[in-house]
2 protein chains.
Amino acid sequence: MKKLMDVGEFGFIKLISRLFLKKTGKPKIISGIGDDTAVIPFNRDNFLLLTTDMLLEDVHFKRSHPPYDIGHKALAVSISDIAAMGGIPRYALISVGLPKKLSLSFAKKIFEGIRRTARDYGIEVVGGDTNCSRKIVIASFVAGTVRKNNLVLRSRAKEGDYIFVTGTLGGAADKGKHLKFAPRLPEAQYLAGNFKLNSMIDISDGLLADLGHILSTSRAGALLWQDNIPLASKRENGIEKAYYAGEDFELLFTVPKRLAKKLLKSWPEKFKTKLSCIGQIKSGNFGLKAEDKNGVRKKLKAGGFRHF
Amino acid sequence: MKKLMDVGEFGFIKLISRLFLKKTGKPKIISGIGDDTAVIPFNRDNFLLLTTDMLLEDVHFKRSHPPYDIGHKALAVSISDIAAMGGIPRYALISVGLPKKLSLSFAKKIFEGIRRTARDYGIEVVGGDTNCSRKIVIASFVAGTVRKNNLVLRSRAKEGDYIFVTGTLGGAADKGKHLKFAPRLPEAQYLAGNFKLNSMIDISDGLLADLGHILSTSRAGALLWQDNIPLASKRENGIEKAYYAGEDFELLFTVPKRLAKKLLKSWPEKFKTKLSCIGQIKSGNFGLKAEDKNGVRKKLKAGGFRHF
């Protein structure tokens, strides 16, 4: 009997996506399953963005982690998704499963973490559901809006686009950044408001996996300039971690070549996070390759963290 | 050290609610935490409704239940919430945690159940999140709309209102109805569109618990006519089950006395589910009482199913 692990997470997602795309006919939505958020008609100037993420104890966090950070992360992952569409998060709902013997103080601190992050990012927490479970599980739902002009999908990368990434990659697990990361909302707002981005995604599954999502939905290839990739660690396997480790929650995006220089020059210092130009979009049959400083190219496989 | 079970589910919800109401200041929302769904400004004629529910293996369902029914229920509970506001469900997102050794066929059938229910109720499934977990967990998030004129809150019951309920109560656990129930969306649409309802809620925690939510938010009391309560079972403890057992997902609502007769007379046969007038809203200091056919009154305690 086939098990979930036999098809893997992305295989299962593809399978479910087909199920829903096949049967509901032509969707009224602008973009549904297969981007960071769903994009839905809202009003004259804005689309509505809807996204959900689930955090599970012993998968995404441990009971020994600070409950405050767990609450933060539960909301921050969804904020990061909204940001990657060029949007602004507005409302959140939180469903939790909590062990009945969990200390009240731990449970409260999870919600205090959620509350502070909601406040910091201008979000109203408007509802939720509480249940009893053996392990802690938190599902966040965030509704946001995006000005129609600012909407950035992952599927519109164009041959010749330069590929950019914010911050550094591969250090999420080492430094506990995966719990404390700041969603790149101001950066994404600046980018989507001032530049014509062709595609954007947040890096949750790893650089190659998420670049892979851009490439497969855009039917494109890419050449990465390996030495331009901003590594969190200079150690031997730093580049491997940057390629394959998940949960950096940095922005990965592509812009027309003619805008690249202006973008780099005008990047506001206030963001503190740096901006790196790490490669170029190629045609679909180019595949995915990395070039080192000597001009030697090698093929890469788009892949990253899978839950099963 | 205080544990969650020491304050109980409703105690914990109250505590979280205060946390969010206290710190976010005056909300722009019409109604947030403390109703079946959040109610948010949308466009000239409609509000946006947002709701979330989480289903957990061994709490809400067992692995031995049909996966199709599990998927159905995951969405149906949220549809029921939207219906109870007088609204129409539009979009859904589903976050799941699934064991990696779960059979692919079981996992697919959960989603087929979700898909069919989505189709039956005119909902587009537009996104989700998949994760690995030890036990199955499904969080649904549904966004709907409600015509401003049709919005029904739980907090506007008025003294003198007659109290109505659809269907029969207390049979959910016995007959597996808790997995297969049909959310009362057509009934709620008919009611909200044709009558001025003062309050409505869906019965998920039990008649007395959910009536208790109406009474406490409306600062009202109620007298129940015990022999009018539609019991799922005529057995000895039928009335106890109707009072305290959860998951009936029937509609509980109140209307001004002058509309009661018209409502009962014009109730469309096509609904098949029956409509019962079970009592009257009283002033807050009346409390909650039940009267039997001999006119004997006894005090009731508003309570019902708690997760912890």
Side-chain angles (χ1 to χ4, degrees), chain A residues 1-7 9 12-13 15-16 19-20 23-24 27-29 32-33 37-38 40 43 50-54 56 59 91 93 95-105 107-108 111-112 115 118-119 124-135 137 139 141 143 307-308, chain B residues 1-7 9 12-13 15-16 19-20 23-24 27-29 32-33 37-38 40 43 50-54 56 59 91 93 95-105 107-108 111-112 115 118-119 124-135 137 139 141 143 307-308:
Chain A
M1 194 181 55
K2 242 187 187 172
K3 297 193 187 328
L4 271 185
M5 54 197 288
D6 299 327
V7 293
E9 185 186 6
F12 185 61
I13 292 174
L15 198 149
I16 304 172
L19 195 70
F20 287 105
K23 291 290 173 175
T24 55
K28 293 176 294 282
I29 51 177
I33 295 169
T37 79
I40 287 166
N43 59 28
L50 299 176
T51 187
T52 176
D53 289 278
M54 183 178 276
L56 292 141
V59 179
Y91 303 101
L93 294 90
S95 273
V96 292
L98 299 171
K100 62 184 173 188
K101 292 188 178 169
L102 189 68
S103 87
L104 184 61
S105 129
K108 269 174 69 179
F111 279 89
E112 281 167 8
R115 185 191 65 183
R119 193 194 56 200
E124 297 239 32
V125 177
V126 293
D129 186 27
T130 56
N131 297 278
C132 175
S133 63
R134 272 200 51 212
K135 296 197 171 196
V137 46
F141 297 97
H307 284 101
F308 45 75
Chain B
M1 195 181 56
K2 245 190 183 171
K3 298 194 188 326
L4 272 185
M5 53 199 286
D6 298 327
V7 293
E9 184 185 7
F12 186 62
I13 292 174
L15 198 148
I16 304 171
L19 195 70
F20 287 105
K23 291 289 172 178
T24 55
K28 293 177 295 281
I29 51 176
I33 295 168
T37 78
I40 287 166
N43 59 29
L50 300 177
T51 187
T52 177
D53 289 280
M54 182 177 276
L56 292 140
V59 179
Y91 302 101
L93 295 90
S95 272
V96 291
L98 299 170
K100 62 183 173 190
K101 291 188 178 168
L102 188 69
S103 87
L104 184 61
S105 129
K108 271 174 68 177
F111 279 90
E112 281 168 6
R115 185 191 66 184
R119 193 194 55 201
E124 298 240 30
V125 177
V126 294
D129 186 27
T130 57
N131 297 278
C132 176
S133 63
R134 270 199 52 210
K135 295 196 172 195
V137 45
F141 169 70
H307 284 101
F308 47 75

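Chain A is the first sequence line, chain B the second, and so forth, proteins listed ahead of strands; every chain is numbered from 1.
Expressed to the nearest 0.5 Å, how far CD of B:Glu112 lies from CD1 of A:Ile16 amounts to 10.5 Å. To the nearest 0.5 Å, atom CG of residue A:Asp129 and atom CG of residue B:Asp53 are 4.5 Å apart. Rounded to the nearest 0.5 Å, atoms NZ (A:Lys3) and CG (B:Leu98) are 14.0 Å apart. To the nearest 0.5 Å, atoms CG (A:Leu93) and CG (B:Leu93) are separated by 11.0 Å. Interatomic distance, A:Met5 CE to B:Leu104 CG, rounded to the nearest 0.5 Å: 12.5 Å. Separating the CZ atom in A:Phe12 from the OG1 atom in B:Thr130 is a distance of 7.5 Å, to the nearest 0.5 Å.
Proximity to chain A (any heavy atom under 4.5 Å) is restricted, for B:Ile13, to the side chain, taken from C-beta onward. Looking at B:Met1, the atoms closer than 4.5 Å to chain A (heavy atoms on both sides) all sit in the side chain, from C-beta outward. If you measure heavy-atom distances from B:Leu15 to chain A, the contacts under 4.5 Å come from the side chain alone.
Minimum interatomic distance between B:Gly128 and A:Thr52 (heavy atoms only, all atoms of both residues): CA-CG2, 3.5 Å. Nearest heavy-atom pair across A:Val59 and B:Cys132 is CG2-O, 3.2 Å. Nearest heavy-atom pair across B:Leu4 and A:Pro99 is CD1-O, 3.5 Å. Of all non-hydrogen atoms in A:Leu56 and B:Ser133, the two that sit nearest each other are CD2-CB, 3.8 Å. Closest of all the heavy-atom pairs between B:Met54 and A:Gly97 is SD-N, 3.6 Å.
In this structure, the side chains of B:Asn131 and A:Val137 stay at 4.5 Å or more apart for every pair of heavy atoms.
Note on ring orientation: taking the six-membered ring where Trp is involved, the planes of A:Phe141 and B:Phe141 are parallel (angle under 30°, cut-offs 30° and 60°).
A search for salt bridge (Lys or Arg N to Asp or Glu O under 4.0 Å) contacts involving B:Lys135 returns B:Asp58, not counting sequence neighbours.
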